[in-house]
Amino acid sequence: MTNKRSLLGVYEGYTDEVANGYERESRYLEMQDGCRIAIDVLHPALDGRRIDAPSPTVLHCTPYRRSFILTGEGTSAARYQQELRAMEPGELVTQYEERPIARDLIHHGYRFVSLDLRGTGASFGELYNDSWLAGHDIAEVIDWICAQDWSTGRVGMVGISYEGMIQFFTAAHQPEGLKCIAPQYPGLPQCYVDGGLAISSFARVWEQLHKGLSEHEPSAPVDGSDGETLQRDAMDSHSPDGYRWVEVFSDMDPRDVTRMSSYDGIMRRKPRPDIGLGEVASGWFDSTDLINESGVPTYLVTGWWDLTFPGYLIDAFNRLDVPKKLIVGPWNHGQGGDPELLRWFDYWLRDVDNGVMDDPQVHYGASEPSGATLWKSAPRLPLPEARSRSHWLSANGALSLSRPASEAHLTYEVNHDVSLGTLSRHSYYSQDLYINTVDLNARAEGCLSFTSDPLTEDTEITGWPSVQLEVSTSSDRGAVVVTLEQITEDGSAAYLSEGFLNFAHRLVGDDPGGHEGPVWHSWSKADLAAVNPGEPMDVQVEMYPVSAIVRAGDRIRLTVAAADADNLVVPTQGDEATLTVTIGGERTSRLILPTVNQSVIPTAKVVEGGFDGESGGFAFRRPVDAPMLR
């Protein structure tokens, strides 16, 4: 083969396309406990003829339907709506039609197996949210795949969000045939509760999406004359309370949010002898020891605007002790990274010497509001050369590099109508391909805002920004919502990051798991602190990590609010409250930015030609982006 290229986001010339379509085989597999799981096997085919030679398999496990009959009335995520816009109602949609990565893998001779998780789609079972049991099911499916004549006995896994998360639960069971995983934007419970607050917009949109799928475009029946009967029986076996948890978080009383937003239940460990495990927490994030024991190579894909996830996923990556890679792109949830995955699977499932493991472990994209992206490699995140730089809040609304000497106080009448809009990082994904916040300049008028002087040189901010506030409230409860924005020379404002904190969860501690950001809160009921009206509080808010290039002449703005009407449940909703922020003096307030210090020897290196000089996608809607077609 000629013209070989293998680097970040670019892969060609190492393996050939051998297929131009697929042949579908759909059936049930019976688990050890008798539960039947619906699977599709998509065999590569050339000009309508199935290729029978044994091949590696990539497995995709989903609660969002392995395949379905298109009706045009479903509510799938916007990126999948776009993939299917040329199809007609009545046509069968498999992962081949819906996901470019599935097509690419099949065309390169892989078999692609997709299954409905227990309790979803055409699979039987009451509940879908026992992820440890689901991982056990998937391990059984991997054993079955490896026993087939068409299998080489080598299986990888792929999938986004819930489908990414479930790969960790599977690896923990150590199925022999699982040779690598590629969790893309893997899910975490922090998508619906974080900062001691409920993220109501995520819960609301997720519920609408999932219900819309099952009601209007349910998972397709398996092959056979009794397929439709079994499909109905499977759907009847699902619990009618499957969405109860999300309804609680989308409709809760604001006064309950402090109690409901603790992580005690998530962190509680329980023995699982029924599936061969010892004590495990409910989430994979706190069970990385089991993943490390598996030794399964892991390529973790996320974006700087991936819901609430990027910081947690960087922490998780740093805890992994397996062959591993991490990419953090200028992306929103599920948006980019596919070009890396064929390279990954070829290496681990086909022994193709393409150099993917010779690269540094970490790649990230530092971007501008235009979407222009500089790709870099690094040994790890956070970057040692990203040093904390304080920007002090001033009474005149400035962000100053000098600490104000005299103490002053700013008051803010809490405006519960302030919002980042219905297309925020938490909620855009069923309506648009891109995050599209409200006019941030107009929003700032309803907040306290602090703006820096124009920067004198180009600056890279990479890591976790944070805010330290000396604040009191007239209420016995409350929250703060902070956003970091880039003001370009023409005066337009671009969203960079945000953070929010329930005052009752303000106590700061040390993460026993090793969080490497600037602030850690336990989110435990045991660490709740009283909020006394008029009493000053030290409130430290960690924002979601970001990598941004701020050009000379641009400015940085911090906005301080106490609500996000379309996205968060805050404890003072429906009540009046006044915040008082201390500026200057001994107990003052500041913004702290992880700023790459040009005088420090860098660990990060520019990747020339990464993604062929493109961003590989950009999280935010720009004027050049085509409107959504429906």
Side-chain angles (χ1 to χ4, degrees), residues 129 161-162 165 187-211 241-268 282-283 285 305-312 333 414-430 435 437 473 475-483 497-507 521-529 531 539 541-544 561-575 577:
N129 53 4
S161 196
Y162 208 114
M165 171 188 77
L188 290 161
Q190 286 83 357
C191 59
Y192 61 88
V193 55
D194 201 18
L197 301 176
I199 305 174
S200 55
S201 61
F202 174 86
R204 182 173 59 251
V205 172
W206 191 90
E207 178 189 17
Q208 292 168 353
L209 185 150
H210 208 177
K211 281 187 173 181
D241 295 326
Y243 303 104
R244 179 60 184 155
W245 69 270
V246 74
E247 292 168 355
V248 167
F249 276 91
S250 58
D251 298 324
M252 73 167 63
D253 186 319
R255 290 177 177 268
D256 291 336
V257 70
T258 300
R259 173 180 58 84
M260 295 288 291
S261 60
S262 83
Y263 286 2
D264 293 324
I266 299 170
M267 298 290 292
R268 188 174 299 116
S282 65
F285 182 79
W305 297 284
D306 175 15
L307 303 178
T308 63
F309 298 158
Y312 294 104
H333 188 60
V414 172
N415 181 351
H416 288 101
D417 294 328
V418 166
S419 175
L420 285 166
T422 57
L423 297 176
S424 73
R425 69 188 295 158
H426 309 291
S427 58
Y428 74 93
Y429 54 91
S430 71
I435 299 168
T437 61
T473 176
S475 178
D476 61 356
R477 59 196 183 280
V480 65
V481 180
V482 295
T483 55
S497 187
E498 69 182 83
F500 40 87
L501 180 69
N502 184 326
F503 290 148
H505 283 279
R506 67 185 182 274
L507 291 184
H521 304 278
S522 72
W523 315 122
S524 170
K525 292 176 184 176
D527 289 331
L528 290 175
V531 178
V539 174
V541 185
E542 181 179 276
M543 299 190 196
Y544 299 119
D564 185 349
D566 291 304
N567 295 287
L568 302 175
V569 178
V570 298
T572 51
Q573 263 171 237
D575 297 328

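Numbers for residues simply follow the sequence, beginning at 1.
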task: Considering non-hydrogen atoms only, spot the tightest contact between Ala561 and Val418 and give its length.
output: CB-CG1, 4.1 Å
query: How many angstroms lie between atom CG of Leu528 and atom OG of Ser261, to the nearest 0.5 angstrom?
result: 8.0 Å
task: Search all heavy atoms of Asp194 against all heavy atoms of Ile199 and return the closest pair with its distance.
output: CB-CD1, 4.1 Å
- line: In short, Ser497 meets Met543 closest at the heavy-atom pair OG-CB, 3.5 Å
message: If you apply the rule side-chain contact (heavy atoms from CB on, under 4.5 Å), what do you find for Phe500 with Asp564, and how did you get there?
response: CA-CA 9 Å; Phe500 40 87; Asp564 185 349; over 6 Å; no
query: Below 4.5 Å, heavy atoms only, C-beta onward: do Val531 and Arg506 meet side chain to side chain?
result: yes
- prompt: Going from CG on Leu188 to CZ on Phe285, what distance comes out if it is rounded to the nearest 0.5 angstrom?
  reply: 7.0 Å
Nearest-0.5 Å distance that lies between atom OG in Ser161 and atom CG in Asp306: 8.0 Å
Val570 backbone acceptor or donor facing Gln573 side chain under 3.5 Å: yes
message: Could you check whether any side-chain heavy atom of Tyr263 comes within less than 4.5 Å of a side-chain heavy atom of Val193, counting everything from C-beta outward?
response: yes
field: pair Arg477-Phe503: side-chain heavy atoms closer than 4.5 Å
entry: no
message: How close do Ser430 and Val205 get, counting heavy atoms only, and between which atoms?
response: OG-CG1, 3.4 Å
field: Step-by-step side-chain contact (heavy atoms from CB on, under 4.5 Å) determination, Ser427 to Asn567
entry: CA-CA 8 Å; Ser427 58; Asn567 295 287; 3.4 Å; yes
- prompt: Less than 4.0 Å between a side-chain N and a carboxylate O, is that true for Arg255 and Asp575?
  reply: yes
- request: Please tell me if the side chains of Thr437 and Tyr428 come closer than 4.5 Å, counting only heavy atoms from C-beta onward.
  value: no
Distance, nearest 0.5 Å, that separates OG of Ser201 from CG of Leu423: 10.0 Å
- request: Would you please classify the geometry between the His521 ring and the Trp523 ring as parallel, tilted or perpendicular, with 30° and 60° separating the classes?
  value: tilted
query: Is there a side-chain contact between Val257 and Pro571 (heavy atoms, below 4.5 Å)?
result: yes
- line: To the nearest 0.5 Å, atom CZ of Arg425 lies from atom CG of Leu420 at 10.0 Å
Shortest non-hydrogen contact from His505 toward Gly196: CD2-CA, 3.6 Å
message: Closer than 3.5 angstrom, by distance alone: can the side chain of Ser262 be matched with the main-chain N or O of Lys525 as a donor-acceptor pair?
response: no
task: Assign the ring pair Tyr429 / Phe202 to parallel, tilted or perpendicular, where the plane angle (0 to 90°) is split at 30° and 60°.
output: tilted
- prompt: Do the side chains of Asp566 and Ser200 get nearer than 4.5 Å, heavy atoms only?
  reply: no
- line: Interatomic distance, CG@Leu307 vs SG@Cys191, rounded to 0.5 Å, equals 6.5 Å
- prompt: For Ala565 and His416, which heavy atoms make the closest approach, and how far apart are they?
  reply: CB-O, 3.2 Å
